[in-house]
Amino acid sequence: MRFEVSKVLDAIEARLSTDPALARAVVDLSEIVRYADLDGGRPASSVRLGLVIDALGRRVAEENVPVFVVAPRGLLSDTDLTSNERMVIRRWADDGKVEVVPQLDDRVFEVAELLGLPVLTRTRGDSDRHPWVNEPGRLLAAVAGEGGTPVLMARVGRGEPPQQADRSPLGERLLARVWSCPEPNCTSFGSGGDPDSPFADMRTYTSPVSQPPPSLRGGVPTCPRHGAQLRDAGPRAAVEVLSVRIDGVIRRRFTVSTDEPVVVGRAPEGGKGVMLGQWLTDDARKWISRGHVQFTLRTDGNLTVQDISTNGSGVRPGGTVNDDERVALRRQESRTLAPEDVVELYGGVQVGRSKMWATGGVVQPESVMAEAPTMALRKFERG
Ligand SMILES: [Zn+2]
């Protein structure tokens with residue numbers, strides 16, 4: 001049983017992100033683990049995070065939707081969790097995958113407001129600093145958990161379904177800069193320490209371009225983990241968020257920044273880049289090269305694609321479905337992409353800017369609970 005729980009936690013881990021460009025909702029882990037009615041099990045269980053992540057995926061009809069998880073430090077010593085669960089959460093924190101804070105305060109709502117993200121919660125919250133939490137029309141869009149148990153979604157933006165809203169103006173300003181924490185091993189706002197240290201490779205820290213938003217204390221940007229005042233370390237690289245869409249289904253999002261180009265293909269070299277192999281038909285696998293196209297975001301804001309494949313690719317201007325308008329892209333050819341242009345590696349295997357595809361196109365996204373122990377989760381099996 002423990003083996004299977006570990007697999008579920010691995011699947012959940014792949015969905016954790018404090019990257020402001022990729023996270024799609026914010027959760028307080030200490031709240032989620034206590035939704036005992038979700039599975040009728042132990043008082044606290046980290047596996048419940050998986051049920052909530054699945055509910056979000058179904059809500060936005062998209063595969064591989066990441067969540068921004070905040071946990072109060074006390075959760076690391078909560079004996080209602082197993083020692084294995086506490087160890088896993090501690091590792092997530094050490095790796096910068098979840099944000100562990102000394103006191104939760106209103107960090108969840110702060111992140112939601114700065115990033116324009118919905119909060120997955122059942123509580124209305126009570127926040128003087130974020131009065132929107134209790135405005136009518138902002139709360140209680142029900143996201144059905146499997147088995148019919150509702151998981152409730154608060155939201156920053158209005159509209160139905162609750163989509164991502166815009167970042168707050170303050171959020172935009174904070175995320176235009178790189179921040180540096182004086183704590184030597186800060187995973188969120190660190191520099192990785194001395195690059196000449198023999199242990200430099202072993203340290204985990206968030207790349208400057210995907211740093212989470214600072215916490216504001218009395219108007220001062222502060223490290224949410226350490227409570228220390230952050231230093232402004234200069235401008236942050238610009239980012240464009242792209243989606244991989246295969247036969248109409250959004251499989252995953254990824255970012256390309258002005259810092260580094262991104263290769264997309266069947267299995268890009270060195271484990272970097274965006275790997276599509278697992279989602280392709282046999283014919284598509286034969287056509288698509290290991291590294292097929294490369295995206296570059298230029299400092300002037302232009303996004304370009306370069307073909308680096310054997311068989312070539314194409315661009316559909318404005319996302320046209322008319323094959324006569326498809327522009328072929330031969331090996332080494334590159335092209336600047338207009339806002340709604342779609343790059344096609346093979347028929348139906350596409351990459352475009354995420355904002356142009358409002359719906360993820362999938363009714364039943366793949367569950368992170370696939371490896372869940374059936375005894376504990378029998379309640380959720382579909383008839
Ligand atoms: Zn810090």
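Values in this document were obtained by computation on a predicted structure and should not be read as measured data. Whatever order the structure lists them in is the order used to number ligands and atoms, beginning at 1.
- By the side chain to side chain donor-acceptor pair (under 3.5 Å) test, R177 pairs with D232, sequence neighbours left out.
- At a threshold of 4.0 Å, the pair E62-R253 counts as salt-bridged, since one of the basic side-chain nitrogens sits closer than that to a carboxylate oxygen.
- Tested against S188 for a side-chain hydrogen bond (donor to acceptor under 3.5 Å, both in side chains), the candidates R225, E183, H226 yield a single pass: R225.
- Taking the salt bridge (Lys or Arg N to Asp or Glu O under 4.0 Å) definition, one finds that R285 meets it with nothing, sequence neighbours left out.
- Shown here are the side-chain contact (heavy atoms from CB on, under 4.5 Å) partners of R34, two or more places apart in sequence or in another chain: P43, A44, D78, D80.
- Side-chain contact between Q350 and R316: present, with at least one pair of heavy atoms (C-beta onward) separated by less than 4.5 Å.
- Protein N/O/S atoms found under 2.8 Å from the Zn ion (ligand 1): C181 SG, C186 SG, C223 SG, H226 ND1.
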